[in-house]
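Ligands are counted one by one from 1 in listed order, and the atoms in each one are counted from 1 as well. For clarity, every value in this text was computed on a predicted model and none was experimentally measured. In this chain, numbering begins with 1 at the start of the sequence shown.
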Amino acid sequence: MPGPAARLGKRRAPPSKKEKPAWAAQRAKHVSKKRAREQTRETIRARIAELETSPAGLAGLSDFDTLPLSAPTLNSLRAADYATMTEIQRAAIPVALKGRDILGAAKTGSGKTLAFLVPLLEKLWREKWSAMDGLGALVISPTRELAVQIFNVLCKAGREHDFSAGLLIGGKDLRHEQERLGTMNIVVATPGRLLQHIDQTPDFNVDNLQMLVLDEADRILDAGFAKTLAAILKALPKKRQTLLFSATQTKSVRDLARMGLTDPEYIAVHEKAVTATPEGLTQYYLEAEVDKKIDFLYSFLRSHLNAKTLVFVTSAKQARFVFETMRRMRPGIIVASLYGSQSQDKRLEIQREFAERKAMCLIATDVAARGLDFPAVDWVIQLDCPEGHETYLHRVGRTARYNRKGSAILVLRPSEKPAMLALLEQHQVQLSPIQVNPNKMASITPSMAGFCAQSPEYKHLAQKAFINYVRSIHFQSNKKVFTLAKFPATSFAMSLGLLVPPRVMLGRNRHDLKNQSFELAKLANAADDSDSDASHADSDSDVDDDNFTQMPTKKRKLSAKDAAKADGGVVTRMDRMFSRQNQLILTEGFDRLRDATVLERSLPASATATTTAAPGAAREAAGEADQKGRLDPAKDAL
Ligand SMILES: Nc1ncnc2c1ncn2[C@@H]1O[C@H](COP(=O)(O)OP(=O)(O)OP(=O)(O)O)[C@@H](O)[C@H]1O
C-alpha cells in the first residue's frame, strides 16, 4: 500500500553524501576567502620584511603600487588620483611599514599627511583591526583646521577600509562625541579635547593603541601644549609605534624623550636642499615703512583681481581692521578674514570658500600659517614680518604646494630688513627685492580718515590695530629685527585714518610699566603730548582689549555723581552718559542723542529746533569738521 508521500507526488531522492546544504557551501566560501585574505596578509608581511630601506633600495620605489600595501589602501589611493609618491612618502612609508618610530621633516606642501596616514591604515589592516578592538590609531594636530584637513585626507585614503574614524576638535557637544567614541578605531584630535575625553569619557579606552602620530610636532611641543601632551602621553600605552612629522623639525634629545619616541629613524628629505622652500616658489621682499603697508595691499589687490592671495598679519585685531578697510574700499575682489577668535563654524566656512574660489583675498593671522592646504594659492603676502624663519617658512608654504608654482612677498620695515634677511639667509631662504610701481600705488588714507570720522566702530578697530601692532613688536623676542626705536607712531596712526596715535601700554602690568625703557615710554607718551586736548576719545577708548590694559589717564574726569553734585541736581541718564570714560561703547541711539545735545549746548537757542530735528545732519556736520581736521595731516604725511 502506497504511503502518504506517494499521494503527494514523487518522493524526492535523499541528498547524496557529496551534495552539501546551502549554509555549508556559504561557510566554505567564507572560510576560503578568509584563508586567502590571511595569505595576502602573510605575503605582504613577508614583502615588508624584505623591504630594503637603504637609499639604494628606496630609489627603486616610485609609485604607491610598488609598495607592499593592502588592496583597500591601493584602491582608495587610486580613486583619489594619488599614484606617484612624493619624496617624503617614498622615504618614510617603507620605514614606518617596518614598524620603526619616525621623526620626519620635509618642506611644506610635500605630502607629509599621506606619509603617515598610509602606514597607519596598513598597520590596522595587518592587525585585522575591527570595531570590537576599539581605538587603534591616534593622530594629534595642533589646530582644529589642520585636524579637519587630516580627517578629510583619511576619509579619502581609507575609504575602502572598514575602520571607523572620528574627529575630536572641541567646539561641538561633548556628550555627542562621548556616545560615539567607544567604537572608533582611528581618532584625529587636537590635544585639549583629546585629554578631556581621556579624563572624562569612560568608554574611551586607549589601552590597545597601536600607533600615535603627531603632525606639526614642533608646534605641539610649544609651551602652550607641552603640559597637555605630557598628560596624554602618560595615559597612552608605552608599547606603540610613534610617528612625528613637521616642516620645521627639532632633533633635541630631550624633546624626543618628551614625545615618547623609541630609537626613531630621522628622515629629513630636504635637509641638503639648497633652498628650504618649495622649488616652484618665487620669493620677494618689499621694503616699506609701516605707514605704507595698507596702501601697498590695496594697490596690490587692485592689480591682481584674478589671483588667489593670502595675506598674513600679526594679530586678530590687525586682520579685522585690514579686512574692514578692504571691505569698505572695495578693491574689486572678494575679501575675507580668518583669525582664532572667530567661531569654529565661521572659520571652516571661510576656509571652504577660500579653497573653492579661483580669485579671492584672505587676510589671516598665523592660525592659517601651518598645515592648511588651500589649492592653487597664487600669492602669499606677509604684510607684517614673521617672528622668525620657521613662521616665514610655514606662511609661504601655503603656496607652491605639491609641484605647483606660487609667489610670496615679505613686507619689511627698513629697521627689520637687515637682520631678517640675514636670518632667512642663514636658513637657506633667498629673497629678491621688489619695488612697487609708483604709478600703481594708490593712497587710501584720506578715505580711511573719513571712515574713522563717520564710524566709531571703525575708528575703534583702527586704534586696536595700532595698539596691537606696537605691542606685538615690543613683545617679540628677536630684538635685532623688531625694535620700536624711531618708530613712526604718528604717521602710522595717520595711515590707519587716526588723527593721533592711541596710547599704548607696553608693560604687562604696573611693575613692567615702571621698568619700561626710555624710548618705549617716550613712544607711549608721544600720544599724550600731541593729543592732550585734541582727542581724548582716542586715548580713552581702547580699554577692554583682551591683552591690553589702559594707561591711567592723567586728569581724572568728574564722575556722574560729582558732576550732578556740582550742579546741585539729580544724576540723570545723560549725566551718566557724558561721564562715561569710553564713549565708543555707546549704542547708536545714545550716539545720536549725544551729538545732537552737544550741538544743542553750543548753538544759540533759536537754532536748537532745527538741529535737534535733524540729528543725522548734526552728526554729519560734526563728522565733517572732524574729517577735515584729520585729512590735512594725513595728506602731509603721504
Ligand atoms: N602622492 C601624491 N600625489 C599627488 N598629490 C599629492 C601626493 N601627496 C600629497 N599630494 C597633495 O599635495 C598637497 C600637499 O600635501 P600635504 O598637505 O600632505 O603637505 P604637507 O607636507 O603636510 O604640508 P604642510 O607642511 O604645509 O602641512 C595636497 O594638496 C595633497 O593632496
K.L.:
So which protein heavy atom does atom 23 (O) of ligand 1 come closest to, and at what separation?
P.N.:
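Here the nearest protein heavy atom works out to G109 N, 2.8 Å.
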
K.L.:
Among protein heavy atoms, which lies nearest atom 8 (N) of ligand 1, and at what distance?
P.N.:
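Protein heavy atom at minimum distance: Q89 NE2, 2.9 Å.
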
K.L.:
Can you report which non-hydrogen protein atom sits closest to atom 31 (O) of ligand 1, along with the distance?
P.N.:
Y82 OH, 3.1 Å

K.L.:
Charged N to carboxylate O under 4.0 angstrom, R401 versus D373?
P.N.:
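Looking at D373 together with R401, the answer is yes, because their closest N to O distance falls below 4.0 Å.
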
K.L.:
Looking only at distance, does G111 have an N or O less than 3.5 Å from an N or O of ligand 1?
P.N.:
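G111 vs ligand 1: N/O contact under 3.5 Å present.
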
K.L.:
Considering non-hydrogen atoms of the protein only, which is the closest contact for atom 12 (O) of ligand 1, and what is the distance?
P.N.:
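The closest heavy atom on the protein side is Y402 CB, 3.1 Å.
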
K.L.:
Near K479 NZ, under 6.0 Å, is it more than 12 heavy atoms from other residues, nucleotides or ligands?
P.N.:
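Yes, the 6.0 Å shell around NZ holds more than 12 heavy atoms from other groups.
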
K.L.:
Should the pair K308 and F374 be classed as cation-pi, given the thresholds of under 6.0 Å to the six-membered ring centre and 45° from the axis?
P.N.:
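No, cation not above the ring by the 6.0 Å, 45° rule.
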
K.L.:
Identify the two heavy atoms, one from K98 and one from L51, that lie closest to each other, and give their separation to 0.1 Å.
P.N.:
CE-O, 2.8 Å

K.L.:
Run the salt-bridge test on K293 and D384 with the 4.0 Å N-O cut-off and return the result as yes or no.
P.N.:
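A salt bridge links K293 with D384.
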
K.L.:
Does only the side chain of T84 get under 4.0 Å from ligand 1, or the backbone, or both, or neither? Count heavy atoms.
P.N.:
backbone

K.L.:
Indicate yes or no: does E145 engage R370 in a salt bridge with an N to O separation below 4.0 Å.
P.N.:
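Salt bridge flag = no for R370 with E145.
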
K.L.:
What protein heavy atom is closest to atom 17 (O) of ligand 1, reported as residue, atom name and distance in Å?
P.N.:
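Protein heavy atom with the smallest distance to atom 17 (O) of ligand 1: R401 NH2, 2.9 Å.
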
K.L.:
Got a salt bridge between E50 and R45, using NZ or NE/NH1/NH2 to carboxylate O under 4.0 Å?
P.N.:
no

K.L.:
Under a 4.0 angstrom heavy-atom cut-off, which atoms of ligand 1 come close to E216?
P.N.:
25 (O), 27 (O)

K.L.:
Measure the distances from the heavy atoms of S110 to every atom of ligand 1 and state whether one is below 4.0 angstrom.
P.N.:
yes

K.L.:
Of the protein's non-hydrogen atoms, which lies at the shortest distance from atom 21 (O) of ligand 1, and what is that distance?
P.N.:
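Of every protein heavy atom, K112 NZ, 2.8 Å lies nearest to atom 21 (O) of ligand 1.
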
K.L.:
Say whether R398, considering both its backbone and side-chain N or O atoms, lies within less than 3.5 Å of an N or O atom on ligand 1.
P.N.:
yes

K.L.:
Report the part of H394 in contact with ligand 1, treating N, CA, C, O as backbone and CB onward as side chain, heavy atoms under 4.0 Å; options are side chain, backbone, both, neither.
P.N.:
neither

K.L.:
Give me the nearest non-hydrogen protein atom to atom 28 (C) of ligand 1 as residue plus atom name, then the distance to 0.1 Å.
P.N.:
D373 OD2, 3.0 Å

K.L.:
Does ligand 1 have a heavy atom under 4.0 Å from the side chain of F245, from its backbone, from both, or from neither?
P.N.:
neither

K.L.:
Can a salt bridge be assigned to the pair E287 and R413 using a cut-off of 4.0 Å between side-chain N and carboxylate O?
P.N.:
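R413 and E287: not salt-bridged.
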
K.L.:
For F64, take its heavy atoms, then give the atoms of ligand 1 lying under 4.0 Å from any of them.
P.N.:
1 (N)

K.L.:
For atom 18 (O) of ligand 1, what's the nearest protein heavy atom and its distance?
P.N.:
T113 OG1, 2.7 Å

K.L.:
Salt-bridged, E324 to R327, with N to O below 4.0 Å?
P.N.:
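R327 and E324: salt-bridged.
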
K.L.:
Would you tell me whether R78 and N75 have side-chain atoms, one donor and one acceptor, within less than 3.5 Å of each other?
P.N.:
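Yes - a donor-acceptor pair under 3.5 Å links their side chains.
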
